> 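Questions regarding the structure given below will be posed in turn.
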Amino acid sequence: MIIDWKKISEKIYEKLKDDVSQITWEKPTLWAILVWENSASLRYIRQKRKWAEFVWMNFELKQFDEKVSEEELLEFIASWNKNRSISWYIVQLPVPQHINSTKLLRTISPDKDVDWFHPENQWKILIWDTSGFAPCTPYWVMWIFKKLNIDLIGKKIVVIGRSNIVWKPITAMLINRWATVTCCNSQTPDITEFTKMSDIVICAAWQPWLLKLEDINDDTIVIDVWFTVIEGKIYWDAEFDNIHANWNLITPVPGWVWRLTVANLLKNTLKAYKIWNM
Ligand code: GUN
């Protein structure tokens, strides 16, 4: 069965729109920096603009040539940190290889980091400090559990992946909620050994069809976070058609994933706006 997130995301967007419409002075603006014009980043940026405008926020993009030097880019970011009229912003990842992304993320002011990429904000997840911004993709995974009334205490959950912005924060958030978490990745010798025993599998590995129907039980819930495009064809991490046909609960990607990740980005933006203006 497909988890119907279209319906739920519609409610989230209507609520955001309503919250923004209550603001009687200048509407919030989401500022974005784009350095590398690859097709995935351009699609992401288009979605961010589309949904920001949908909830009546403004969206401003500063685009750099992809040959921009690291020094020039970091200086520009530092100038946005000081600029009082730019209260929050995002840098679309990935950036070209000649730019050190760890250094770049450290340059973003943690108070303006609505994408939750600065180490200071990331650290808060590990120590259960909820005062910061929420990591955008992991947060909607937690929404799913809430909306499906799934109590995570004692649940056996396998999280497959390795990334800093999805896999690591999801793992920490699940541990914070008393789940029993097993961490696997594409090099785990026998993933089935773990997934067969699990109540929930979260795929965030960017590996085509890594999780197959025979790797799970009939009642395992599959949360598939992303997909890979190879020669124009879309591959999910999980074998969607077979798993879906077997009546396991599964999330449908792509399409809705953007919508939910961007919803959290806009929620963070609104939170930042309220901190700065109220
Ligand atoms: N690249 C892939 N996902 C994201 C995201 O959530 N934010 C930014 N800034 N870049 C990304």
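This structure is a prediction, so every number in the text was calculated from the model and none was measured. Along the sequence shown, residues carry numbers from 1. Atoms within a ligand are numbered from 1 in the order they appear, just like the ligands themselves.
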> Nearest to atom 10 (N) of ligand 1, what protein heavy atom do you find, and at what distance?
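Ranked first by proximity to atom 10 (N) of ligand 1 is Leu93 N, 3.0 Å.
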> For atom 11 (C) of ligand 1, find the nearest protein heavy atom and state the residue, atom name and distance (0.1 Å precision).
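Checking every protein heavy atom, the shortest distance to atom 11 (C) of ligand 1 gives Gln92 NE2, 3.3 Å.
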> Given that the side chain starts at C-beta and the backbone is N, CA, C, O, which of these parts of Asp115 lies under 4.0 Å from ligand 1, counting heavy atoms, or is it both or neither?
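Asp115 to ligand 1: side-chain contact only, backbone stays beyond 4.0 Å.
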> Specify the protein heavy atom at minimum distance from atom 3 (N) of ligand 1: its residue, its atom name, and the distance to 0.1 Å.
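The answer is Tyr44 CE1, 3.5 Å.
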> Are the charged groups of Asp19 and Lys15 less than 4.0 angstrom apart, N to O?
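Looking at Lys15 together with Asp19, the answer is yes, because their closest N to O distance falls below 4.0 Å.
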> Check each atom of ligand 1 against the heavy atoms of Phe117 and keep those under 4.0 Å away; list them by number with element.
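That gives atoms 5 (C), 7 (N), 8 (C), 9 (N) of ligand 1.
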> Using the six-membered ring of Phe54, assess whether NZ or CZ of Lys17 lies under 6.0 Å from its centre and within 45 degrees of the ring axis.
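Verdict for Phe54: a cation-pi partner in Lys17.
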> Between Trp80 and Phe76, how do the two ring planes meet: parallel, tilted or perpendicular, split at 30° and 60°?
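Because their plane-to-plane angle lies in the 30° to 60° range, the rings of Trp80 and Phe76 count as tilted.
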> Does Trp247 form a side chain to side chain contact (heavy atoms under 4.5 Å, CB included) with Asp218? I'd like the steps, not just the answer.
CA-CA 7 Å; Trp247 296 101; Asp218 285 347; over 6 Å; no
> Side chain to side chain contact (heavy atoms under 4.5 Å, CB included), that's the test. Do Leu260 and Ile144 meet it? Break it down for me.
CA-CA 10 Å; Leu260 287 176; Ile144 291 185; 5.6 Å; no
> Under 4.0 Å, heavy-atom basis, I'd like to know which part of Val91 is in contact with ligand 1: side chain, backbone, both or neither.
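Contact part for Val91 vs ligand 1: backbone (N, CA, C, O).
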